[in-house]
Enquirer: 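Here's a structure for you.
Not measured: the values here are computed from a predicted model. Convention: sequence-line order gives letters A, B, ...; per-chain numbering from 1.
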2 protein chains.
Amino acid sequence: MIDVATLVEQARAGRPRAVARLITLVENAAPQLREAMAALAPYTGRAYTVGLTGSPGVGKSTSTSALVSAYRRLGKRVGVLAVDPSSPFSGGALLGDRVRMQDHATDPEVFIRSMATRGHLGGLSWAAPQALRVLDAAGCEVILVETVGVGQSEVEVAAQADTTVVLLAPGMGDGIQAAKAGILEIGDVFVVNKADRDGADATARELNHMLGLGEAREAGDWRPPIVKTVAARGEGVDEVVEALEKHRAWLEERGELAARRRRRAAEEIEAIALAELRARIGDLRGDRHLAVLAERVAEGALDPYGAADELVAGLTRG
Amino acid sequence: MIDVATLVEQARAGRPRAVARLITLVENAAPQLREAMAALAPYTGRAYTVGLTGSPGVGKSTSTSALVSAYRRLGKRVGVLAVDPSSPFSGGALLGDRVRMQDHATDPEVFIRSMATRGHLGGLSWAAPQALRVLDAAGCEVILVETVGVGQSEVEVAAQADTTVVLLAPGMGDGIQAAKAGILEIGDVFVVNKADRDGADATARELNHMLGLGEAREAGDWRPPIVKTVAARGEGVDEVVEALEKHRAWLEERGELAARRRRRAAEEIEAIALAELRARIGDLRGDRHLAVLAERVAEGALDPYGAADELVAGLTRG
């Protein structure tokens, strides 16, 4: 097993294999993960992350690929993280099926990785930010996080990005579906893809109405733009990038970019701390202290709350 | 609001209203619960608890009522806790429909209570032992815990008793259903109810086979008895009580009764301790320490694991 320091060094030098292996550590919640995260930390905090979500069939994969092309034209190093919580496959099995992604397969400035998180204790919401940190340290200036489904956890992951793009397509009653899935609230930029089809304008109007974009807003508030695209032909994709850059500038002006990142970091720290405490309590099974407390509770000499207090006090001294 | 000390005193004196109000505290995870548990503790550890579980239609409610009658004939004070995790109702709404239970409604030596646990943070597995403690302190010598369904949490609750009774009925393919639900493993005593129906002997034989009761066991091992009953007519119910008492004697001889109770107490303490730690972490939201840690992680000055360690260390000093 190659050591973590070497892996991190190689990842920073842009070696795809090292990046892939570090993300595998994340997927597997490997014991070396802690060391890897500590080694990566100094090189993180630079990437701009964009979440993409939407119902199946709206063209998420095609749009992601088109966005990669657009950012490459701007000379940026790009990372793609495709997240599928329901898939048992990982490490590219999923993306192997995605013809359009293969356009970028030989580009050394593009890192593409799918991630499954079965067995990851903290689940997707825990694993995704760690994988982003790997891509961030590998020098990706933009990272696109594409969620395969629109379940609760996928929406959470997409919402964890700096900017969240919600994709729709005409003729799917999609606005209503999106509203039901609760993804309208998380969209910073909306894309109506397959805009060459009938009903694209109707979908955009419906969306405009549902978002209340016609209503007055406070000065300085962000007004989510609706961009029409035909991602398969690259049409409108530069306008999406423009909308993303505008949102990013808005976030930075308001200090909101840093605030969002601090909020996400706080949530991540909390989740890890809780898992650690749970593990510590688990380690006490068979421990003499817990056994004595349990005996006293069973005998009625102590109540379970009092016992829990003593257990926690013991933990926190430890 | 009456004070907890008075409620506990009245419950100990066998006042049904006080018992009911204490169990309501448990259901609602009320702030006074901690004080109530501390006040009750010295009067607990005496009751013998019997869990009853089985598929809908096997006659759990009728069997419970018949067991109450049998224990009353022995002069015992009896408690009944009917647990329905899916019900939004509580405090008797459920039992109000149960005609047979009303046989005991006017008996001052019988305490009957249904319990819903919606909104209880720790869920059913947390609330049930606390409710049992109330009935225990109220002087119930035997407490029957009847679970309404056979879901995972109901089975867990039934298995938390000193002795667990699994009920079946003929002609329901019930043995196989029970095996699927994983309740064969938890049965200390098996009851084939509605034994006047066709197929009762076949069900008993099938059960005998599935439990491997024909196979050799080590000397001193418990061999779960299979008792046939017609609970609606009270037939076989004294034999069930006899089987329960035998199992209890076996548990006591082997020191297993105390061991089971210590194990249950340990699990309860763990669950409460974890909830307390979770609450402490939650209290840190908006706290300066977490905010500083989050900022350092967002900037890449610290990794999230290191931050979590600092958070935990801060908690445990606090």
Enquirer: Can you tell me which portion of A:Glu299 sits under 4.5 Å from chain B's heavy atoms? Options are side chain, backbone, both or neither.
Expert: backbone
Enquirer: I need the B:Tyr305 OH to A:Ile269 CD1 distance, nearest 0.5 Å.
Expert: 12.5 Å
Enquirer: For A:Glu141, check salt bridge (charged side-chain N to carboxylate O under 4.0 Å, His left out) against everything at least two apart and list the hits.
Expert: none
Enquirer: Between B:Ala266, B:Ala258, B:Gly306, B:Gly300, which residue shows the highest count of heavy-atom pairs closer than 4.5 Å to chain A?
Expert: B:Gly300
Enquirer: How about CZ on B:Arg254, more than 12 heavy atoms from neighbouring residues, nucleotides or ligands closer than 6.0 Å, or not?
Expert: yes
Enquirer: With a 4.5 angstrom heavy-atom cut-off, which part of A:Asp309 approaches chain B: side chain, backbone, both or neither?
Expert: both
Enquirer: Only pairs of heavy atoms separated by less than 4.5 Å count here; which of A:Ala259, A:Pro304, A:Ala298, A:Ala137 has the most with chain B?
Expert: A:Pro304
Enquirer: Does atom CZ of B:Arg260 have more than 12 heavy-atom neighbours from other groups under 6.0 Å away?
Expert: yes
Enquirer: Where do A:Glu270 and B:Leu290 come nearest, in terms of heavy atoms and distance?
Expert: OE2-CD2, 3.5 Å
Enquirer: For B:Ala265 versus A:Ala294, what's the shortest heavy-atom pair and its separation?
Expert: CB-O, 3.5 Å
Enquirer: Table please: side-chain donor-acceptor pairs of residues 39-47 of chain B below 3.5 Å, with sequence neighbours left out.
Expert:
| from | atom 1 | to | atom 2 | distance (Å) |
| --- | --- | --- | --- | --- |
| B:Thr44 | OG1 | B:Ala41 | O | 2.7 |
| B:Arg46 | NH1 | B:Tyr43 | O | 3.0 |

Enquirer: Does a sphere of radius 6.0 Å around CZ in B:Arg263 hold more than 12 heavy atoms from other residues, nucleotides or ligands, not counting ones at 6.0 Å or beyond?
Expert: yes
Enquirer: Can you tell which of A:Ala307, A:Ala271, A:Ala38 has the highest number of heavy-atom pairs within less than 4.5 Å of chain B?
Expert: A:Ala38
Enquirer: Which residue out of B:Leu293, B:Leu274, B:Leu302 racks up the most heavy-atom pairs below 4.5 Å with chain A?
Expert: B:Leu274
Enquirer: Please classify the contact of A:Arg133 with chain B as side chain, backbone, both or neither, using a heavy-atom distance under 4.5 Å.
Expert: side chain
Enquirer: Looking only at non-hydrogen atoms, find the nearest pair between B:Asp303 and A:Met37 and report the distance.
Expert: CB-O, 3.4 Å
Enquirer: When you look at CD of A:Glu9, are more than 12 heavy atoms from neighbouring residues, nucleotides or ligands closer to it than 6.0 Å?
Expert: no
Enquirer: Is it true that atom CZ of B:Arg15 has more than 12 heavy atoms of other residues, nucleotides or ligands lying nearer than 6.0 Å?
Expert: no
Enquirer: Got a sec: does the NZ of B:Lys76 have more than 12 other heavy atoms crowding it under 6.0 Å?
Expert: yes
